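Both ligands and their constituent atoms are indexed starting at 1 by order of listing. The shown structure was predicted, so the numbers you read here are calculated from the model rather than taken from an experiment.
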Amino acid sequence: MKNGCLDEVPEGRNCKPTSLKPGCLVRPIAPTKLPGRYVAHQKFLPRLPVPPLQQTLDRYLLALKPIVSQEELEGTKQIVEEFAKQGGVGQRLQASLERRARKTENWLSDWWLKIAYLEYRLPVVIHSSPGVVLPKQDYHDRQGQLRFAAKLISGILDFKTMIDNETLPVEALGGNPLCMNQYYQILSSCRIPGSKRDSVVNYTQTKKPTHITIVHNFQFFELFVYNSDGSPLTVDQIYIQLEKIWHSSLQTNKEPIGILTTGHRNTWANDYNTLIKDKVNKESVKCIQKSIFTICLDAPVPKVSDELYMSHMAAQMLHGGGSRWNSGNRWFDKTLQFIIGEDGTCGLVYEHSPAEGPPIVALMDHVFEYCNSSALVRSPMIPLPMPRKLRFNITPDIKRDIEKAKQNLNMMVRDMDIKCLVFQHFGKDFSKSQKMSPDAFIQIALQLAYYRIYGEPCATYESASLRMFHLGRTDTIRSASVESLAFVTAMDNPQQQNQEKVTLLTKAVQAHRAYTDMAIRGQAIDRHLLGLKLQAIEDLVRIPEIFMDTSYAVAFHFNLSTSQVPAKTDCLMCFGPVVPDGYGVCYNPMDDHINFSVTAFNSCAETNAAKLAHYLEQALVDVKELLVQTPSSKL
Ligand code: COA
């Protein structure tokens with residue numbers, strides 16, 4: 001067992017580049033039923049390129065312009081020149097990186113997995129794992145809860161069939177097929193804590209697991225979801241099994257063993273070793289890790305007004321509400337945990353290391369379609385064995401670890417400031433009618449909102465998909481640009497004519513869209529700079545000055561960390577800020593409205609999630625007004 005893990009993470013394969021049409025989107029290509037299609041598809045995906053050094057350095061200086069002072073920029077220009085000069089360290093590192101790209105399937109993916117996730121030591125709760133709020137369901141009691149859970153499980157198993165048969169529709173971005181690897185990593189996976197670095201394991205490489213885990217009142221159960229002939233249990237059968245679990249876990253004074261997974265990763269790694277010293281505990285933990293996914297049947301939480309409902313649910317999905325509520329009703333290392341309340345609330349939380357949000361919400365879209373369309377299959381009531389309760393022997397040491405984990409988690413929960421906003425005034429249809437990219441439109445409005453509060457822009461991160469490339473994950477779209485700053489400063493300037501403001505808005509939106517196209521083609525700057533820095537560490541050369549410079553620190557201190565996670569379902573993803581004085585902003589643009597989540601930390605006096613959400617709403621309305629009132633501005 002290496003780092004406490006049971007198997008190695010598998011890797012895929014790759015090949016040659018293709019071009020991309022601008023204004024593109026993720027859209028499924030017609031499904032195919034050829035077995036082995038996944039492997040064949042993956043083989044022909046292009047490899048992630050290493051951008052030219054000078055191109056990245058020029059773009060880096062340009063990206064610094066709106067966020068550092070002129071003086072700092074001048075200093076950085078000299079450092080960059082030194083770095084880039086003929087025969088200098090920059091060129092040597094670039095050559096090493098290009099060599100790495102020739103030798104590996106993806107020069108970035110292993111590094112990224114380690115740096116962004118497995119070596120990141122803050123708790124996965126809030127700091128890494130996103131939550132998703134799903135539409136409220138029409139049930140209000142335990143029976144409804146279990147019935148919905150049974151349907152949901154059946155829907156996920158239906159999706160799993162496409163993964164198992166390799167018939168999952170291949171997605172495309174602007175006509176270019178995307179890497180589908182993430183879909184093959186999200187079921188039967190789990191993160192495992194390690195003292196310096198965690199690992200993430202997918203258990204489908206050997207004998208495919210056939211059970212899921214159910215947690216209710218902090219007690220875990222193993223539920224086999226396939227019959228002996230390999231067919232999945234019907235909704236009725238699953239329901240009956242869930243009822244059995246519910247009845248045998250009514251005791252509420254159980255130790256919330258799952259709360260241990262909310263700890264700082266070093267702490268949890270220590271606690272994990274203590275926990276699995278006991279054979280029974282080890283076996284129970286292994287059962288959770290190997291399960292296909294987890295269903296959390298949550299205890300009721302206090303009712304709140306309709307206005308507060310979504311923000312409260314986002315908190316439930318993100319962290320479970322604290323040790324008094326449902327935070328112990330989770331195993332936060334599990335890749336996929338679906339959360340179902342007694343009052344119709346539902347959602348999920350997922351451990352981020354194997355995948356980005358889009359595959360997760362695509363799975364949810366499928367499940368919701370399945371739940372809404374599939375007729376209930378009545379099945380003969382063949383008696384099924386009682387699902388196995390997973391036992392834990394709680395020693396005094398483990399009890400002490402649980403108490404500490406509760407205290408720390410409760411502090412984190414109190415520190416979390418969340419505001420969800422359903423922006424009702426318009427959706428992506430409006431930006432499209434203005435011939436503007438909806439995503440760029442939202443990002444520029446966010447720049448305006450931030451500028452109105454703080455009087456200056458900040459380094460802004462938006463995730464861009466690199467899935468056009470084999471094993472691609474993400475790069476960064478830097479939304480604070482020279483053009484966005486020109487627009488936000490002009491917008492509230494009474495001296496500026498509306499026509500000029502519209503021209504500046506159009507330029508800002510176009511610049512954002514152009515950055516997006518560059519990023520999804522693998523030509524953005526963030527991962528390239530990271531690669532050069534990591535290459536310096538690997539080649540044991542002194543860390544070049546460019547990475548020690550104040551401008552670099554400013555550029556990578558993302559006060560705004562943002563992401564679009566679009567879905568067909570009217571849902572909303574949420575995640576925490578990435579810096580103590582920052583915001584996390586996630587949005588799902590629907591045709592006629594936009595769902596937003598905004599998070600911040602209460603411990604930071606300068607941030608306020610509700611305030612940013614309010615300013616964002618106003619900024620979107622004002623930008624629309626500007627366009628509507630200036631009709632000649634239409635492109
Ligand atoms: N005029 C009219 N329509 C336009 C337009 C224009 N100028 N530009 C774009 N559109 C349309 C698009 O065709 C698309 O249409 P659709 O609704 O029919 O699909 C729609 O507007 C959305 O396009 P846009 O807003 O530009 O965004 P996008 O779909 O290209 O997405 C990103 C942009 C950056 C979000 C996407 O490329 C990406 O990388 N997503 C991954 C995000 C991710 O991984 N997040 C991780 C979270 S954990």
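Lys136 has no carboxylate O lying under 4.0 Å from a charged side-chain N of Asp570, or vice versa, which leaves the two without a salt bridge. A salt bridge links Asp622 and Arg452; the closest N-O separation between the charged side-chain nitrogens and carboxylate oxygens is under 4.0 Å. With respect to the salt-bridge test (charged N to carboxylate O, under 4.0 angstrom), the residues Arg467 and Glu356 do not qualify.
Close contacts between ligand 1 and Asp439 involve ligand atoms 24 (P), 25 (O), 27 (O) [criterion: under 4.0 Å to a heavy atom]. Proximity to Lys435 (heavy-atom distance under 4.0 Å) selects the following atoms of ligand 1: 1 (N), 6 (C), 7 (N). Close approach of ligand 1 to Val565 (heavy-atom distance below 4.0 Å) involves ligand atoms 47 (C). Each of the following atoms of ligand 1 lies closer than 4.0 Å to a heavy atom of Ile477: 34 (C). Ligand 1 places these atoms under 4.0 Å from at least one heavy atom of Gly357: 47 (C), 48 (S). Applying the 4.0 Å criterion to heavy atoms of Lys428 picks out, from ligand 1, the atoms 17 (O).
Annotation: His366 is not in aromatic contact with Phe368 [ring centroid separation under 6.0 Å not met].
Between Tyr117 and His352, the two ring planes are tilted [angle within 30° to 60°]. Below 30°, between 30° and 60°, or above 60°: for Phe159 and Tyr183 the angle between ring planes is between 30° and 60°, a tilted geometry. In this pair, Tyr587 and Phe596 present their aromatic rings tilted. The plane angle is within the 30 to 60° band.
At a heavy-atom distance under 4.0 Å, only side-chain atoms of Arg513, from C-beta outward, approach ligand 1. When non-hydrogen atoms are compared, ligand 1 lies under 4.0 Å from the side chain of Thr516 (C-beta onward) but not from its backbone. Under 4.0 Å from ligand 1, heavy atoms of Ser437 appear from its side chain as well as its backbone. With a 4.0 Å cut-off on non-hydrogen atoms, Cys586 does not touch ligand 1 at all.
The side-chain tip of Arg527 does not point at the ring of Phe556 from less than 6.0 angstrom away and within 45° of straight on.
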- Item | Derivation and outcome, side chain to side chain contact (heavy atoms under 4.5 Å, CB included), residues Lys624 and His425 | CA-CA 10 Å; Lys624 179 184 173 180; His425 301 267; 5.9 Å; no
- Message: Ile594 vs Lys428, test: side chain to side chain contact (heavy atoms under 4.5 Å, CB included). Steps then yes/no.
- Response: CA-CA 8 Å; Ile594 311 167; Lys428 61 180 173 181; over 6 Å; no
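When only interatomic distances are considered, the shortest N/O to N/O separation between Ser465 and ligand 1 falls below 3.5 Å. Of the N or O atoms in Pro438, one or more lie within a sub-3.5 Å distance of an N or O in ligand 1. For Glu356, no nitrogen or oxygen atom sits less than 3.5 Å from a nitrogen or oxygen atom of ligand 1, counting backbone and side chain alike.
At least one heavy atom of Ala464 sits under 4.0 Å from some atom of ligand 1. Residue contacts with ligand 1: His352 is included, with a non-hydrogen atom under 4.0 Å away.
Here the shortest heavy-atom distance to atom 15 (O) of ligand 1, taken over Arg473, His512, Gln443, Lys432, belongs to Lys432.
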